[in-house]
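Right, one structure below, let's go through it.
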2 protein chains.
Amino acid sequence: MAKPKQKWTPEEEEALSAGVEKYGLGRWKNILTDPQFASPLANRSNVDLKDKWRNLSGGDYGSNSRGNVRINWFEEINKLLLTYQEPSKSSVNKRRAPPYKAMIYEALSSIDDPKGTDAKTMVKFLEPKYDVTKNFRKLLTAKLRNLVLNGAEWRP
Amino acid sequence: MAKPKQKWTPEEEEALSAGVEKYGLGRWKNILTDPQFASPLANRSNVDLKDKWRNLSGGDYGSNSRGNVRINWFEEINKLLLTYQEPSKSSVNKRRAPPYKAMIYEALSSIDDPKGTDAKTMVKFLEPKYDVTKNFRKLLTAKLRNLVLNGAEWRP
DNA sequence: CCTTAGGGATAGGGTTGC
DNA sequence: TGCAACCCTATCCCTAAG
């Protein structure tokens, strides 16, 4: 059972508009928690605000000025893996984290999924095997991004 | 300009009716992509299905939208299992609950019953093995429902 | 975990053609 | 004219990415 359709009232639209005026675009949660707007928007979520603004904007909200296109990093990485040559292994150290490229290769190879995987799954796989830092996820994501953007020479 | 009017055939109406029976109201896209109904409804869109159902319902469709679903989830899940590839296992942690898909796969594989199983049995099997939350049964059922309705990509 | 961006699906009012 | 079939689009849903 989904939520029944709930039409926006003029009061709600005004509050949303004033909220965007005050906080700027994309600050939906901030608008919702501002005591100035919390009451009129009591039964709207931050996602509702985003959706409504998209309608009010004539449908072109979201295509930001730089024309960014979102990349599915993991799909890209999986493609690049086809060109990877696994290094001839010599020293097998289990504790310290190996270079990121090697870990990424290991994770993607082990998590054998034709559709690829995602960062969360990779972290879950790698974390118990190696003693990684607390912000491992962030670093791993950055590395993935870097590999894709820079042509990813798969040298260990 | 517009699409020429295309009257509904009895076969189409039957398929639509059976589809609603299986998935419940408001799951037009699911009906359309179900191999059981895809063929007879090949040249109808999800919106067409919704419109036709509204006509058949004497015009009061939507007032209490989205009825109940009558799927035998476990039968459906068992079918989907045929397409599942068990991930090459690497880390064996016994305490924390693995992803729901993995647990579902494990339960259905272990409870070897040609007729499939039910939620109660699955919970009984999984609960002592993993430390699950109190509302585990509810979450498990929700996951099963989601897997069936969304075509069940068996990603871990 | 939580939030945002964006594509997709649905609900319901409106329109068209027989 | 009435109604089946089709159109329009605000609202809501799903999920990748951060």
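Since this is a predicted model, take the numbers as computed values, not measurements. Reminder, nothing fancy here: chain letters follow the sequence lines and each chain counts from 1.
Closest approach of B:Lys22 and B:Gln36 over heavy atoms only: NZ-OE1, 3.3 Å. Closest heavy-atom contact between A:Gln6 and A:Arg44: O-NH2, 3.0 Å. Nearest heavy-atom pair, A:Trp28 versus A:Asn46, reported as atom, atom and distance to 0.1 Å: CB-O, 3.5 Å. Heavy atoms only, all atoms of each residue included: B:Leu41 and B:Ala15 are closest at CG-CB, 4.0 Å.
Along DNA chain D, the nucleotide nearest to A:Lys7 and the one nearest to A:Val47 differ in position, and the one closer to the 5' end is contacted by A:Lys7. Comparing A:Lys29 and B:Lys29 by the nucleotide of DNA chain C whose heavy atom lies nearest to each, the residue mapping closer to the 5' end is A:Lys29. Position along DNA chain D of the nearest nucleotide to B:Glu13 versus A:Lys52 favours B:Glu13 as the more 5'-ward residue.
In this structure, the CG atom of A:Asn46 is 14 Å from the C1' atom of D:dC13, given to the nearest Å. Atom P of nucleotide D:dA4 and atom CG of B:Leu56 are separated by 8 Å, given to the nearest angstrom. Across the protein-nucleic acid pair, B:Gln6 atom CD and D:dC7 atom P stand 11 Å apart, rounded to whole Å. Rounded to whole Å, the distance from CG on A:Leu32 to C1' on C:dC2 is 14 Å. Protein atom CD of A:Glu12 is 12 Å distant from nucleotide atom C1' of D:dT11, rounded to whole Å. When the P atom of D:dC6 is taken as reference, atom CG of B:Leu49 falls 11 Å away, rounded to whole Å. Rounded to whole Å, the distance from CG on A:Leu16 to C1' on D:dA10 is 14 Å. One can place CZ of B:Arg54 at 11 Å from C1' of C:dT10, the figure rounded to the nearest angstrom.
Ring-plane geometry between A:Tyr23 and A:Phe37 is classed as perpendicular, the angle between the planes exceeding 60 degrees on a 0 to 90 degree scale with a lower cut at 30.
One N or O donor and one acceptor, one from the side chain of B:Lys50 and one from the base of C:dG12, sit under 3.5 Å apart. On a pure distance criterion of 3.5 Å, no polar donor-acceptor pair joins the side chain of B:Asn55 and the base of D:dC3. No hydrogens or angles were tested; on distance alone, a donor-acceptor pair under 3.5 Å links the side chain of A:Asp51 to the base of D:dC13.
Phosphate proximity of C:dA11 to B:Trp28: present, with a side-chain N or O under 4.0 Å from OP1 or OP2. OP1 or OP2 of D:dC12 has at least one side-chain nitrogen or oxygen of A:Arg44 nearer than 4.0 Å.
The closest side-chain heavy-atom distance from A:Glu12 to A:Asn43 is below 4.5 Å.
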Output a table of nitrogen or oxygen pairs between the protein and nucleotides 15-18 of chain C separated by less than 3.5 Å.
residue, atom, partner, partner atom, Å
C:dT16, O2, B:Lys5, NZ, 3.1

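In the set D:dC6, C:dT10, C:dT4, D:dC6 carries the atom at the smallest distance from any side-chain atom of B:Lys3.
Salt-bridge formation is not detected for the pair B:Lys29/B:Asp34: no Lys NZ or Arg NE/NH1/NH2 atom is positioned less than 4.0 Å from an Asp or Glu carboxylate oxygen.
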